[in-house]
Amino acid sequence: MCGIVGIVGDKATAKAIVEGLRRLEYRGYDSAGMVLATNVGFEVKRIAQDTSSIAALSDWVNATTNSVKLSSAMGHTRWATHGVPSEMNAHPHLDCSGQFAVVHNGIVENYKEIREQLMALGHEFASETDTEVIVHLVEERYRLNNDVREAVTEAFDELVGSMAVVVMNLKEPETFYMMRRMAPLVIGTDDSSLFVASDIPALLDGVTKYFSVPEDALITGSVRHGKVVLEPLPETLEVEWDASKVDVGGYTDFMSKEIDEQPRALSDTLAGRVDRGGLISLDELNISPEELKTIHKIVIVGCGTSLHAGMVARYALEHFVRVPVEIEVSSEFRYRDPVLSPTTLVVGVSQSGETLDTMVALSEAKASGAKTMVVSNVVGSSMARMADAVLYTRAGPEISVASTKTFIAQIGALEILALYLADLKRTLFPAEVQELISKLNEVPEAVGRAISQIQEYEKTTQALLEYQRFYFIGRNVGYPVALEGALKLKEITYTPSEGYPAGELKHGPIAMIDDKAVVVAIASKSSLYEKVLANVEEVRARGAKVVIVANEAPVDSEVRGDEVFLVPRIHQLFSPMVDVVPLQVMAHYISVSRGLDPDRPRNLAKTVTVE
Ligand code: F6R
């Protein structure tokens, strides 16, 4: 939550900060602000205009600061945690003297005590935020030791919580002080400028080198005599994304672009995983094949869409590898006392690789001796650095808050993991593994065929626009698809929608079914096809509008007035990757038809770095 962007050197313009903030808007957008280091001091602007704060900041920049020469500048887009979204609470925050400016992403858990201590020392606070204590603490420590680096280090040591922080000092406006703890912060450089941001998309233009700020360390970045100096020099990051990938291109919004990009996201994720000898390779595996052979239990943790991808993979892992697979919401897992051992593999699924609950779940699993792996879309993300093994989804940056292409890519990556383990443990014959790999390699093309039906799916959705209650049902791998369909719809249309295992309907939810309800059934031909259709009969008999996701239209659907989303037929365990497409399209179409912004749903942020 919250996005940070800063620039020191030639490229430091207010416009460039606004552009960076736009690319970080997915991290939160209830207010925004910036500080500019001009030759007459700091100029600060904060705006809180609901979802248009960054646009308003851009108007302010165009109207006032266009030609001002800056030494440095930094901006912030906020997702409120402490203090309502307001101008006063928007970042950056300044100390009493106006010498230090701070932007911050995360939560300072001990801010109340620190605030009280500082107030007792005479500090005056201008906002309700936890962030403001950071800048006053730096001021206080500086007052005592007169050394900015020391002051920032001491202040950071006193803070408890997860956070990424950048501090500016008016007396050395060509320097940034940068720190992070369990929250992302990346640095980019070119010949004459230094950039810092919460995420790579905000850095892409012209950056030639990327660095990750190490956990719990202070990095000072300056531009002196046109040369960038980083102290100490952090580890470099390999980044394959380019600026065109974070541009909406000819699309009306990122979500429709990202839905369209799904075949590519999946094929890039699958590409190069099998060598000429037919052996599957994973990305960064610091667990030996011998250790992996001993794995007797797999636990998958994740949140939201990533959790659903894990739920899909459970079926393949249990079926192909014959090990028990537990699946749990990260925020619950981390507060349990789970039974883990060195023969347990805990897999965190996280697009961003930064979701706090999943990160803590993984670190606790690691501390209790289990092997850990992360499936992440972001190279060098916190979880990727922390886990014993990493499996990257190569979906490219996902900007829309609602995940689409990364869901499909996560499933693809986890299916690869299942086949890798099955090969290793010999629970499948090599020829079976090869056959399944070739079936998996056909899925991107099948997803492409589903995408070629988008107009059909939208036409079908027109019949649903007036409905205000949706229930999604499925069995086996269709169940997580039902959950994902319901999540997409509620996220971007705010329509009450629930996903259930189809067999659970009669144990309660069916009481809600009437002629105002839509029931979307995931009913691709599979071993449980007839059973799902029997559940459909039950809701039809109670007046529900029925929508069927099918790889073959049920014979009587037209006569009965059901709506049908047709998808290509593929291996049952892989079918969620095509079944989900019409549900994404449906949610998107309803959102746009109701005049909503599918990319920026209310109250949400893409990367959840708080509990
Ligand atoms: C839904 C969505 C969220 C995320 C969840 C986990 O469309 O995007 O539910 O899936 O917040 O985020 P990551 O995968 O970054 O850990």
Side-chain angles (χ1 to χ4, degrees), residues 1 3 24 26-28 79 105 162 182-184 198-201 253-255 258-259 262 265 269 300-313 327-334 347-363 373-384 386-387 390-393 395-411 413-414 472 480-481 483-494 497 499 580 583-588 591 597-611:
M1 328 298 245
L24 293 174
Y26 68 87
R27 302 179 67 84
W79 187 87
N105 162 32
S162 61
M182 294 182 92
S198 301
D199 198 0
I200 290 158
D253 50 67
F254 278 104
M255 186 173 177
E258 288 158 7
I259 288 174
Q262 294 188 108
T269 298
I300 302 179
V301 292
C303 309
T305 293
S306 296
L307 180 77
H308 299 157
M311 289 175 80
V312 170
I327 177 120
E328 192 158 356
V329 177
S330 310
S331 54
E332 288 298 315
F333 177 85
R334 62 179 283 199
V347 182
V349 186
S350 176
Q351 181 280 127
S352 60
E354 305 291 345
T355 300
L356 189 71
D357 283 321
T358 308
M359 187 148 54
V360 177
L362 273 186
S363 78
M373 176 181 282
V374 66
V375 175
S376 173
N377 197 41
V378 181
V379 174
S381 56
S382 302
M383 277 185 239
M386 188 187 84
V390 187
L391 191 49
Y392 284 116
T393 49
E398 190 177 66
I399 306 296
S400 178
V401 166
S403 290
T404 51
K405 62 176 179 174
T406 54
F407 174 67
I408 289 188
Q410 285 167 342
I411 299 174
L414 288 162
F472 293 74
V481 176
L483 292 176
E484 178 60 9
L487 180 64
K488 285 288 91 85
L489 191 66
K490 72 181 87 157
E491 274 183 300
I492 60 169
T493 72
Y494 322 138
S497 41
V580 77
L583 305 186
Q584 298 166 337
V585 173
M586 178 179 108
H588 178 267
S591 171
D597 178 350
D599 286 345
R600 290 182 298 177
R602 70 183 182 202
N603 305 340
L604 294 177
K606 189 158 185 72
T607 307
V608 184
T609 53
V610 294
E611 276 194 57

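As the structure is a prediction and not an experimental result, all values here were calculated from the model. In each ligand, atom 1 is the first atom listed, and ligand 1 is the first ligand listed. All residue numbers refer to positions in the sequence shown, counting from 1.
- Test E258, E484, K405, Q262 against Q584 for side-chain hydrogen bond (donor to acceptor under 3.5 Å, both in side chains) and you get one pass: Q262.
- Listed by number with element, the atoms of ligand 1 under 4.0 Å from a non-hydrogen atom of E491 are 1 (C), 2 (C), 7 (O).
- Closest protein heavy atom to atom 8 (O) of ligand 1: S403 OG, 2.9 Å.
- Within ligand 1, the atoms closer than 4.0 Å to a non-hydrogen atom of S350 are 13 (P), 14 (O), 15 (O), 16 (O), numbered from 1 in the order shown.
- In terms of protein heavy-atom proximity, atom 3 (C) of ligand 1 is closest to T305 N, 4.1 Å.
- For atom 6 (C) of ligand 1, the closest non-hydrogen atom of the protein is C303 O, 3.3 Å.
- When all heavy atoms of S350 and Q410 are compared, the pair lying nearest together is C-NE2, 4.0 Å.
- Two residues are said to be in side-chain contact when any heavy atoms from C-beta on lie closer than 4.5 Å; D599 and I399 fail this criterion.
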*Please lay out, stage by stage, how E354 and S381 fare under the test side chain to side chain donor-acceptor pair (under 3.5 Å).*
CA-CA 6 Å; E354 305 291 345; S381 56; 4.8 Å; no

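- Minimum interatomic distance between A402 and I492 (heavy atoms only, all atoms of both residues): CB-CG2, 3.9 Å.
- Here's the thing with Q410: none of its N/O atoms is less than 3.5 angstrom from an N/O atom of ligand 1.
- The distance criterion of under 3.5 Å between nitrogen or oxygen atoms is met by V401 with respect to ligand 1.
- Between the side chains of T393 and N377, at least one donor N or O lies within less than 3.5 Å of an accepting N or O.
- For the residue pair K488 / S403, no side-chain donor-acceptor distance below 3.5 Å is found, with atom types taken as modelled.
- Neither the backbone nor the side chain of E354 comes within 4.0 Å of ligand 1, counting heavy atoms alone.
- If you number the atoms of ligand 1 from 1 as listed, the ones under 4.0 Å from a heavy atom of K488 come out as 1 (C), 7 (O).
- Remark: ligand 1 and S306 share an N or O pair separated by less than 3.5 Å (distance only, no angle test).
- For atom 13 (P) of ligand 1, the closest non-hydrogen atom on the protein side is T355 OG1, 3.2 Å.
- In terms of heavy-atom proximity, V374 sits nearest to A384 at CG1-CA, 3.7 Å.
- Protein heavy atom closest to atom 15 (O) of ligand 1, with residue, atom name and distance, is S352 OG, 2.6 Å.
- Residue contacts with ligand 1, taken as heavy atom pairs separated by less than 4.0 Å, do not involve T406 at all.
- Contact of the F472 side chain with the V481 side chain is not registered, since no non-hydrogen atoms from C-beta on lie closer than 4.5 Å.
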